[in-house]
Amino acid sequence: MPELPEVETFKKYFDNTSLNKTVKDIKIRDNRILKIPEEQFIKEVKGQTFKSTLRHGKYLFVKLNSKYIVFHFGMTGDFEYFNDLNDEPIHSRILFELNNGYYLSYISMRMFGKVDLTNTVKEFLKKKKLGPDGYTMTIEEFKDTLKRRSAIAKTALMDQSIIAGIGNLYSDEILFRTKIHPKTKINLLTDAKLVDLFNNIKEVLKFGIENEGDLSIYPNNFLIPHRVLEEKCPICGTILQRYEISGRHGFFCATCQSLK
DNA sequence: GGTCATGTTGACTA
DNA sequence: TTAGTCAACATGAC
């Protein structure tokens, strides 16, 4: 699932179920999901307590006594908290046995997710070259990160080193709402349009978070329910255009989002 | 069987 | 350096 709103939802789920619990045991169901050797991961995490969590972009950090576990959910990641080991999900890749008798599974059907360890969040963000978090960044950080950039809007929004957290679907929604053509060069936007874009990033992500990343409940006036061939723009009725940028498919309204 | 998918990364070309 | 393209990764749905 995960773009920023989904990861925020996973964070809340983790906080509500597993925070302050101690890891009694760990079972690695598939070590391809780990960025570090299995033995090392187990050694560093077993016996530790989940002290706090922090989300940056699409990454979730879980603080142990000193180090952090870093969860990335790829396209099909999830958590599941349960009591009976028989309920372990099919695609459970890492199983944490907690000291209250419950289990937490890190799930990844397609194995695109990754689990890592880091000494500090700062160090990890630097290593991954992640930009400011899309949901919590300030307008100053936003303008600063776009400075001297000439990428097209769609690419810029999805580039995690520019802004962290926005993916294919939400970038389409944000551009639609701001009435920006996906191929508009970011440095050609007026200051007013940039502020508009900033506000819409916040609003779209906020809406996503409030709905726990559930894309099936989106109102008709959003683009997301219409990202299908032959669908019409909910604002003006024009047939939406499908486009491709760097191997990712998007939709936009050629009338509402004209390229000036 | 073919195509597509909410993501990231590294190689390669301007 | 910055931008953009593409293949690779692994699996399930239609």
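Chain A is the first sequence line, chain B the second, and so forth, proteins listed ahead of strands; every chain is numbered from 1.
Counting to the nearest Å, the P atom of C:dT5 and the OH atom of A:Tyr243 are 12 Å from each other. If you measure from atom CZ of A:Arg32 to atom C1' of C:dA10, you get 7 Å, rounded to the nearest angstrom. When the C1' atom of C:dT2 is taken as reference, atom CG of A:Asp159 falls 10 Å away, rounded to whole Å. B:dT3 atom P lies 13 Å from atom CZ of A:Arg242, rounded to whole Å. Protein atom NZ of A:Lys128 is 4 Å distant from nucleotide atom P of B:dT9, rounded to whole Å. For A:Leu146 and C:dT2, the CG to P distance is 14 Å, given to the nearest whole Å. One interatomic measurement links the two molecules: CG of A:Leu169 to P of B:dG7, which rounds to 8 Å at whole-angstrom precision. Nucleotide B:dG7 holds its P atom 6 Å from the CG atom of A:Asn168, rounded to whole Å.
No side-chain N or O of A:Lys129 forms a donor-acceptor pair with one of A:Ser161 less than 3.5 Å apart. Counting only N and O atoms by type, the side chains of A:Asp196 and A:Thr178 include no donor and acceptor under 3.5 Å apart. Checking A:His226 against A:Asn220 by side-chain atom types alone, a donor-acceptor pair falls below 3.5 Å.
Dashed line: the shortest gap from a side-chain N or O of A:Lys58 to OP1 or OP2 of B:dT8 is under 4.0 Å. Of the side-chain N and O atoms in A:His91, none sit less than 4.0 angstrom from OP1 or OP2 of C:dT11.
Here the side chain of A:Arg248 is nearest to one of C:dG4, B:dA5, B:dG7, namely B:dG7. Taking every side-chain heavy atom of A:Tyr59 into account, B:dT8 is the closest of B:dT8, B:dA5, B:dG7. Candidate nucleotides B:dA5, B:dG7, C:dA3 were compared by shortest atom distance to the side chain of A:His72, and B:dG7 ranks first. Side chain of A:Arg93, nearest nucleotide from B:dA5, C:dT11, C:dC9: C:dT11.
Taking a cutoff of 4.0 Å between a charged side-chain nitrogen and a carboxylate oxygen, A:Asp191 and A:Lys193 do not qualify as a salt bridge.
For C:dA3, its base never sits under 3.5 Å from the side chain of A:Arg149 at any donor and acceptor pair.
Among the atoms of the strands shown, only primed sugar atoms or phosphate atoms (P, OP1, OP2) are found under 4.0 Å from some heavy atom of A:Ser150.
Between A:Ile162 and A:Gly247, the residue anchored nearer the 5' end of DNA chain C, judged by the nucleotide with its closest heavy atom, is A:Ile162.
In this structure, A:Phe73 and A:Phe79 have perpendicular ring planes: the angle between them is above 60°, well past the 30° mark.
If you check B:dC12 for Watson-Crick or wobble pairing at under 3.5 angstrom, you find it paired to C:dG4.
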